[in-house]
Amino acid sequence: MRSHASVMHLDLDAFFASVEQRDKPSLRGKPVVVGGVGGRGVVSTASYEARRYGVRSAMSTREARSRCPHAAFLSPRFHAYRAVSDVVMGLMRELSPLVEPLSLDEAFVDLVAADLPDLEVATVGAVAEELRSRVADATGGLTASVGVGTSKFIAKVASDLDKPDGLVIVPPGAELDLLRPMSVTIIPGVGPATAERLRRAGITTVADLEAVSLDELVRITGRAHGAGLYALARAQDDRPVVPERETKSVSVEGTYDTDLTDRPLMEQLLTRQAGEVAARLKKSGLSGRTITIKVRLHDFTTLNRSTTLPSPTDHAGTIARLARALFADLVEAGDTSGGVRLLGVGVSGLADWIQEDLFGDSLEPEDEPAPDLPDPGLTRRSREGWQPGMDVVHRELGRGWVWGAGRGVVTVRFETARTPAGPVRSYAADDPDLTPWRPDGS
DNA sequence: TCTGGGGTCCTAGGACCC
DNA sequence: TCTGGGGTCCTAGGACCC
């Protein structure tokens with residue numbers, strides 16, 4: 001905890017809905033609900049007019065419609081929100097280089113890195129009001145709620161105290177008086193499950209939490225969580241404002257209006273999602289080793305299956321093939337027989353380099369249909385361009401595909417084994433028995 | 001016809017290595 | 001014949017956040 005209130009948290013009020021009302025004057029003053037409009041959609045943001053009818057974020061759109069049938073129900077327009085967000089983040093960066101966005105509509109600003117005469121409450125208060133006013137000017141009237149305190153935790157709690165269009169500064173030393181009467185759910189990381197466990201232990205307020213020993217908290221909530229709660233209950237929070245964070249995973253998923261049972265269709269959907277993931281990886285210059293599929297069944301049971309390659313990939317064909325193989329395992333185990341409501345594909349274990357960089361020249365055509373048809377004009381040197389997913393033929397063992405490649409070694413899985421977990425064989429990258437497979441048999 | 005989509009972090013168990 | 005630890009990687013599931 002700092003000696004001055006120098007961490008600011010800014011939160012744009014009812015952000016998606018406010019942008020819609022700004023862009024469509026006929027919606028101003030009326031209930032607006034932004035979210036999924038399909039049969040299984042949920043609410044992303046409700047305008048304050050809609051909240052009066054009990055419409056909330058994360059509520060099913062079906063329920064929102066029944067609570068507020070006359071609201072305007074809109075699909076999100078992310079490009080518009082991103083543009084507004086960029087403007088607001090830019091205004092904060094003019095204040096301080098240390099800006100940590102949490103989402104399109106929220107960020108922390110470290111005022112220690114701002115060019116201010118001092119960090120007294122009056123000074124940071126004036127700065128915060130100035131920022132709020134600039135946000136409104138630059139965005140066509142959007143309002144922001146701002147909190148300032150001695151830590152991220154306090155700043156975030158403060159920004160929530162006077163929503164919408166509010167400013168709350170918690171002076172140094174006032175933190176515990178503020179927190180103690182509040183529900184434990186004010187603490188980031190305390191969701192429904194943790195709150196229920198704490199409640200069963202008789203802990204409902206921050207004051208209750210403060211009275212519990214570290215050992216007891218660890219027993220109730222686990223090691224990492226317990227330590228975090230113990231500190232936050234005492235307003236101890238030294239987390240820095242971090243402007244850049246590394247992406248850890250990239251994923252695409254979709255929930256379908258009716259449960260799916262048609263396997264070829266599901267494979268097609270996974271293949272398409274793999275292509276979207278690959279495109280996003282490439283756009284970011286990323287590649288990853290672990291491919292994960294997510295399958296949510298008709299009863300909302302969620303299954304994840306993953307497999308890890310020896311080297312990273314950003315190839316649509318490779319990701320798709322592995323996703324389908326993982327899915328095949330679930331289908332063959334009978335897990336999907338009751339129908340599937342959601343399918344997803346993700347890549348994690350990201351590296352900020354791609355396979356091509358390791359070997360110099362790449363043989364792969366830029367992308368789809370990718371691994372199935374490598375350039376026929378291979379030279380010995382360029383054969384180090386083996387890519388995971390590429391089809392190959394071994395002189396004796398027949399057709400297989402490249403599981404991993406790197407450091408002069410290529411690992412091959414043969415067609416007889418269908419699941420990614422099965423055995424593979426490794427060869428020197430220039431092993432003459434191994435050649436790329438071509439559909440004409442040449 | 002309750003329950004999105006994009007993420008992050010944690011836990012626990014097993015494999016494997018030293 | 002009994003029986004270590006620690007560390008790392010991988011997989012699966014779950015909680016949580018906006």
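Per chain, numbering begins at 1; letters A, B, ... match sequence-line order. For clarity, every value in this text was computed on a predicted model and none was experimentally measured. Just the heavy atoms: all of them, side chains too, but no hydrogens, waters or symmetry mates, feed the values below.
Within the 4.0 angstrom heavy-atom criterion, only backbone atoms of the sugar-phosphate kind lie near Leu342(A); the bases stay farther away. Using a 4.0 Å heavy-atom criterion, one finds that Val43(A) contacts no nucleic acid atom at all. Looking at heavy-atom distances under 4.0 Å, Arg223(A) makes contact with sugar-phosphate atoms alone, never a base. Among the atoms of the strands shown, none is found under 4.0 Å from any heavy atom of Thr258(A). Using a 4.0 Å heavy-atom distance criterion, Asp105(A) is classed as a sugar-phosphate-only contact. Thr194(A) comes within contact range of the sugar-phosphate backbone alone, with a heavy-atom separation under 4.0 Å but no base atom that close.
Nearer to the 5' terminus of DNA chain B, by closest-nucleotide assignment, is the contact made by Arg62(A) (compared with the other of Arg62(A) and Glu253(A)). Taking the nucleotide of DNA chain B with the nearest heavy atom to each of Gly41(A) and Ser249(A), the more 5' of the two is matched to Gly41(A).
Using atom C1' as the reference point in both dA15(C) and dT3(B), the two lie 16 Å apart (nearest Å). Here the separation of dC16(B) from dC2(C), taken at their P atoms, is 24 Å to the nearest Å.
Distance check: Ser47(A) OG to Phe16(A) CZ gives 14.0 Å after rounding to the nearest 0.5 Å.
When rounded to the nearest whole Å, the span between CD of Glu106(A) and C1' of dC17(C) equals 9 Å. As rounded to whole Å, 9 Å separates atom P of dG6(B) from atom CD of Gln273(A). Protein atom CG of Leu343(A) is 14 Å distant from nucleotide atom C1' of dG5(B), rounded to whole Å. Rounded to an integer number of Å, the gap from CZ of Arg296(A) to C1' of dA12(C) is 15 Å.
The pairing partner recorded for dC18(C) is dG5(B), the criterion being a Watson-Crick or G-U wobble arrangement whose two distances lie under 3.5 angstrom.
Using a 4.5 Å cut-off on side-chain heavy atoms (C-beta onward), Phe73(A) and Thr61(A) make contact. In this structure, the side chains of Val112(A) and Arg2(A) come closer than 4.5 Å at one or more pairs of heavy atoms.
Taking the side chain of Ala193(A) as heavy atoms from C-beta on, and the options dA15(C), dC18(C), dT8(B), the nearest nucleotide is dA15(C). Taking every side-chain heavy atom of Ala58(A) into account, dG4(B) is the closest of dC17(C), dG4(B), dC9(B).
Cation-pi contact between Arg51(A) and Tyr53(A): absent, since separation from the ring centre below 6.0 Å together with deviation from the ring axis within 45° is not met.
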